[in-house]
Amino acid sequence: MLRSHTCGELNINNIGQEVTLTGWVQKSRDLGGMTFIDLRDRYGITQLVFNMELDPGLCGKARKLGREYVIKVTGKVAERSNKNPKMPTGDIEIIAESFDILNESKTPPFTIEDKTDGGDELRMKYRYLDLRRNPVKRNLELRHKISIETRKYLDSEQFFEIETPFLIKSTPEGARDFVVPSRMHSGQFYALPQSPQTFKQLLMVAGYDRYFQLVRCFRDEDLRADRQPEFTQIDCEMSFVTQEDILNTFEGLAKHLFKTVKGIDIEEFPRISYDDAMRLYGSDKPDIRFGMEFVELNDLAKEKGFVVFDKAELVVGINAPGCGNYSRKQLDKLTDFVRKPQIGAQGLVYVKYNEDSTFKSSVDKFFDQEALKTWAAKLGAKPGDLMLVLAGATDKTRKALNELRLEMGNRLELRGKDVFKPLWVVDFPLLEWDEDSERWHAMHHPFTSPKPEDIGYMETDPGKVRANAYDMVINGVEIGGGSIRIHNKDLQKRMFTLLGFSDEEAQDQFGFLMNAFEYGAPPHGGIALGFDRLVALFGGSDSIRDYIAFPKNNAGRDVMIDSPSGISQEQLDELGLKIVE
RNA sequence: GGUCUGGUAGUUCAGUUGGUUAGAAUGUCGGCCUGUCACGCCGAAGGUCGCGAGUUCGAGUCUCGUCCAGACCGCCA
């Protein structure tokens, strides 16, 4: 090693020692007669001192060091006369005796500091400089810790980590595939896996009854703050298990991670059915850090002469505690919020429960004080509260009220970053109707098993069939999901038929899996957790980008290496490809 | 595919109703300074106002188009 110590470890106990440090020049403070330099490496910052009286030549040379120069310095650890309690190494400094410039540096385009002056665009372009900054470093350290603890836990539960291929084949279901042209088989393509789904099921057939992998997955869909074209999953599968076994095992993983990484004991891990989640929160990933559950008001609100309610399929409200003093302006803002195209509500009905126990509402014309009192009773509202009511088609109205509920949660600061409320959402529907293609789609994926008691409805009333499928949700973020799979060839065939596959198509796309099911496939099931999202959640951020060393932007572009990019004509020819303008 | 927000000095931003030579902070460079740690003081350099058209006597400012970035809707088994 070129160094004897790191820049984070020297303290009062090292006084008098001769040490050699390496690192980057964070900042220099030139006082004329003496110069202080903060030397930074991954482990911390240590102050170097150069003194004109002691060594004018060395000090003069040090005064010329620019930011981010890489140097190696040798000197003696000394106690500071002016200590800095703000830094871990603040009690000591290195009285420099010699140094070498290992590499010079151009002045970086933004400051390498916790609160940098650099914008996102610039930081992404110079990501290797951004990664020098503490906040990003801490995020990657967090990611590292969570991956290590995940492996520790799953290893202790007898899981095998097994790698699966990246060059696989394109399948019609699900997200768009990233595709890789084959040179040796002109006109043919590999696809990158959207997940190792079929491979892990084959591993179950092979008898590896507890598998996991921290694995990259690829989906060619439009991006968001919490979605990258390539992302990492904690992918798991187990054999000879019930849904209950899987929920318990991964509840255990979540609790282990919260305990070991954040020092938090998760007491409750409630389970809620998909139907209840939709009814009470209007979302299949409810944020249960706060209450404000939906209360349906059809029986109290309909047929009272208010045409909006009368023609609505659903009238549903929430009670916002302590918001009864909202001004007209604030209420108008909430109305604007729900009327935004992304939210899609037509309007908002409010009922203020005044401190004097009277009511003031936007529907006073249709509902007297007595009627509004029954609303308040049902919503559990108290004087000083504000009831917010939406009406319309069931799905749309629930979706809009979900957004409004989360907005009120934000306004009332009920969604603290340090509070973690996980839950399982279970009993998802097996299928959902797709308006565009006019056919049933698998809500989870085509290998998800229906609940035995619902199998009879598969052909007669497919929408009614519930699946052995579950999602892990924390703080309103879908962290992952899974299911008990189909392990029977005939049932898998029926599923493919439901999804509109001909026998030939099913055989062509998934024949390898159905064939495998003929050789003693054990009952099995599993789960995949979004690792990036989990890390971001632990770090208290909505965006996963700062937890990935080299992320892509919201157009799927890596602005540092400038990809994607064109390839040469030679490469195109070799692959038998032609670009069509 | 759509909606919204933004693009001005190396960087982060301000820029009035369309009107003189486009400002501040920070960074950079030079000078001074022996206990700084957001060092301080003095000085200097630094601008395709994203790009292109249009309106106007006159555009950083208004209009249209376009590119880039970000957020969201659709999409994401």
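Order of the sequence lines sets the chain letters (A, B, ...), proteins ahead of strands, with each chain counted from 1.
In this structure, M124(A) reaches neither bases nor backbone, as no heavy-atom distance under 4.0 Å exists between it and the strands shown. At a threshold of 4.0 angstrom between heavy atoms, the contacts of K86(A) are confined to the sugar-phosphate backbone, with no base atom among them. Residue R67(A) is in sugar-phosphate contact alone, with no base atom involved, counting any heavy-atom pair closer than 4.0 Å across all strands shown. K125(A) comes within 4.0 angstrom of no nucleic acid atom, judged by non-hydrogen atoms across all strands. When heavy atoms are screened at a 4.0 angstrom cut-off, L122(A) is found touching the sugar-phosphate backbone but no base atom. Within 4.0 Å (heavy atoms only), T35(A) reaches no atom of the nucleic acid at all. Residue contacts for R63(A): at a heavy-atom cut-off of 4.0 Å it reaches a base atom on one of the strands shown. Among the heavy atoms of the strands, none lies under 4.0 Å from P341(A). Residue-level contact check: F36(A) touches the bases, meaning some heavy atom is under 4.0 Å from a base atom. Residue E53(A) is in base contact, counting any heavy-atom pair closer than 4.0 Å across all strands shown. Among the heavy atoms of the strands, none lies under 4.0 Å from G66(A). Counting any heavy atom pair closer than 4.0 Å across all strands shown, Q47(A) reaches a base atom. When heavy atoms are screened at a 4.0 angstrom cut-off, D222(A) is found touching base atoms of the nucleic acid.
At a cut-off of 3.5 Å, with distance as the only test, no side-chain donor of T335(A) or D332(A) sits close to an acceptor on the other residue.
For C76(B), its base sits under 3.5 Å from the side chain of R227(A) at one donor and acceptor pair at least. Residue-to-nucleotide contacts include a donor-acceptor pair under 3.5 Å from the side chain of N84(A) to the base of C37(B). One cannot find a donor-acceptor pair under 3.5 Å joining the base of U26(B) and the side-chain atoms of D117(A). You'll find a donor-acceptor pair under 3.5 Å spanning the side chain of E93(A) and the base of G35(B), going by distance alone. With hydrogens and angles left out, the side chain of R80(A) and the base of C37(B) share a donor-acceptor pair within 3.5 Å. Applying the 3.5 Å distance criterion, the base of G70(B) shares no donor-acceptor pair with the side chain of N553(A). For R545(A) and G70(B), a side-chain-to-base donor-acceptor distance below 3.5 Å is absent, hydrogens and geometry of angles not being considered.
Contact annotation: R557(A) does not reach the phosphate of A69(B) (side-chain N/O to OP1 or OP2, under 4.0 Å). At the phosphate of U26(B), neither OP1 nor OP2 sits under 4.0 Å from any side-chain N or O atom of K115(A).
Look at CD1 on I343(A): it is 9 Å from C1' on C72(B), rounded to the nearest Å. The distance between atom NZ of K340(A) and atom P of C4(B), rounded to the nearest whole Å, is 12 Å. Between N554(A) atom CG and A71(B) atom P the separation is 5 Å, expressed in whole Å. Rounding to whole angstrom units, CG of residue L31(A) and P of U34(B) are separated by 8 Å. Between the C1' atom of C76(B) and the CG atom of L192(A) lies a distance of 16 Å, rounded to the nearest Å. We find that CD of Q233(A) is positioned 16 Å from P of C76(B), with the value rounded to whole Å.
With a cut-off of 3.5 Å on both pairing distances, U20(B) has no Watson-Crick or G-U wobble partner at all. Across all strands shown, U34(B) remains unpaired; no Watson-Crick or G-U wobble contact has both distances below 3.5 Å.
Using C1' as the reference atom, C41(B) and U34(B) are 16 Å apart when rounded to the nearest Å. C29(B) sits 34 Å from G70(B) when the C1' atoms are compared, rounded to a whole Å.
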